[in-house]
Amino acid sequence: MSDQFIFWDLETTGRNDKYDQITQVGAVLTDKNFEVKDKLEIHSKLREGKWFEPGALITTGVDPINLFKNNYPNYYEASAQLYETFQQWSSPSAIFIGFNNINFDEPFLRQALYQNLMPELYMTVTSNNTRMDVFEILRLVSVYSPEHIKFNQDDQGYPILKLDQIFKLNNISISYEAGPHDAVFDSLVTLELNKILSIRCPQIWNAAYDFRLRETPKKFMISNSVFTNTTFWGRRPTIKAQTLIGGIPGKNHHYLVYNLLFDPKKLQDLDDKELLKKMNDGAKRICEVFDGSKSKTLLSESYCFKDNKFAEIGIDELRLRANFIKTNEKFCSRLIQLHLDNQKQWPEPFNIEERIFESFPSPQDKKLMIEFHTAPNTRKYEVSKLFKDERYKELAVRIIYEIAPQTLPEQERRNYELEIQERFNDDDKSKWNSKNRILASLETDLEKMIEDENERVQFKQRVITFLNNESAKWG
DNA sequence: TTCTTGGT
């Protein structure tokens, strides 16, 4: 095995991958034994037209005024540097691993690569790269092997799995000058936590390792007619014994799975309307979607007995129910058809940031992206006009505006500036952090996150100064 | 039961 791991973490200006921006990247390359081979840290200047959530800067300790006034590379340069390092590190292949990376950092990375015209948006899951998430492993450990790690509990008794708390409670020590919520520091903490989990809870860790591959879920569900799926509603875990109904047509790696808590024999005579009601009956729903593209880990049937409900039903009955599903093709295709017919249709996305999944870049456009990057700034606009995909033309204008605005035709520059202006002055319900939205969340974030009155006043003043500077540009 | 973690 030649596994390499890339432990990585991002600090950003907020939680919205489309409209917020990465401010710091931290990453550590290790071999299969988690020995450190290389380290990466990239900071980035804020791009015009991107702002911040006050709470995000309070968390990371970033000074709002410093977002523009620093000597860091601009967002385009930083993204290119990130892309190139990750490309090198993942040669021939690597496992990208972080803490809540699959739901948080990954979308951010893709947006950064998309918005900066990097050709391989999906680099963490292509050319034999895969991903794991230590947060997801920790969740399983908290349910099935809670004795192996120390947790704080919330007032309902559920474990709190915040990285900084886990770090402190379990005496993880890191020799690195920065502290929690620094991207490099948190990458190193994630690396150490992962080591602990892999040693103390090898069965769960190895299962998670197998499920890094997107082909594992299907194989696993076929060879384990009864399996255990652990889902979470907030902090509350639910243990489910399930069986495979079938793949969902048109959705790669998505599977409809049946909850074996319910006896399927009693369901097949229901008409469509009644059956559909059972399918959507909240916590009592008879089936649900398993997304096999997100490295979510299924466990073998024996784990479900952690919940007495399943011990009472017994393994024989669970297997009988699973077998009933497997041998009733008609019933399965009915469930899948009903599921498909009742999917909500999403409205067409409008803003360019939301159009990331519209289509993959064509080979020609990929080649043009390289040409765009290597062309001197004075030629970049010219190259950008050759993109077949309109999205890339628009994103190119934003990049050129950032690195060499004087090379843009007057009209292009004006249009983009008008768009930024509109966004900045949008109301407090805008998707991005408009002036009004920042102001609307400022007080609550201050109160929730800063205890010291002096610090509060200071931070508030720095936000106001930032907004005044921005108002001078876009007001 | 219908409660939305965690990441910034």
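All chains are named by letter (A, B, ...) in the order of the sequence lines, taking the proteins before the strands, and each is independently numbered beginning at 1.
The R139(A) side chain lies nearest to dT5(B) when the options are dT8(B), dT5(B), dT4(B). For E11(A), the listed nucleotide lying nearest its side chain is dT8(B); candidates were dT8(B), dT2(B), dG6(B). With distances taken from any side-chain atom of F135(A) to the nucleotides dT4(B), dT8(B), dT5(B), the minimum falls on dT5(B).
In this structure, the CG atom of N100(A) is 4 Å from the C1' atom of dG6(B), given to the nearest Å. Distance NZ (K296(A)) to C1' (dT5(B)): 10 Å, rounded to an integer number of Å. Atom CH2 in W51(A) sits roughly 18 Å away from atom C1' in dT8(B) (whole-Å rounding). What separates CG of L442(A) from P of dT8(B) is a distance of 20 Å, to the nearest Å. Between the C1' atom of dG6(B) and the CZ atom of F99(A) lies a distance of 7 Å, rounded to the nearest Å.
Between the side chain of T228(A) and the backbone N or O of S300(A), at least one donor-acceptor pair lies under 3.5 Å. At distances below 3.5 Å, at least one donor-acceptor pair connects side-chain atoms of T85(A) with backbone N or O atoms of Q81(A).
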Anything under 3.5 Å between a donor and an acceptor, one on a side chain of residues 160-168 of chain A, the other on a protein residue two or more places apart or in another chain? List them.
{"from": "D164(A)", "atom 1": "OD2", "to": "H181(A)", "atom 2": "NE2", "distance (Å)": "3.4"}
{"from": "Q165(A)", "atom 1": "OE1", "to": "N152(A)", "atom 2": "ND2", "distance (Å)": "2.8"}

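Remark: K294(A) fails to qualify as a cation-pi partner of F135(A) under the 6.0 Å distance and 45° angle criteria applied to the six-membered ring. Under the 6.0 Å distance and 45° angle rule, R398(A) does not count as a cation-pi partner of Y416(A).
Applying the side chain to side chain donor-acceptor pair (under 3.5 Å) rule to T444(A) yields no partners; only residues at least two apart in sequence or on another chain are considered.
Within 4.0 Å of D186(A), counting heavy atoms only, lie sugar-phosphate atoms of the nucleic acid but no base atom.
Proximity of residues 156-165 of chain A to DNA chain B (heavy atom under 4.0 angstrom from any strand atom) is restricted to I160(A), L161(A), K162(A), L163(A).
Distances shown here put every side-chain N or O of R235(A) at or beyond 4.0 Å from the OP1 or OP2 atom of dT4(B).
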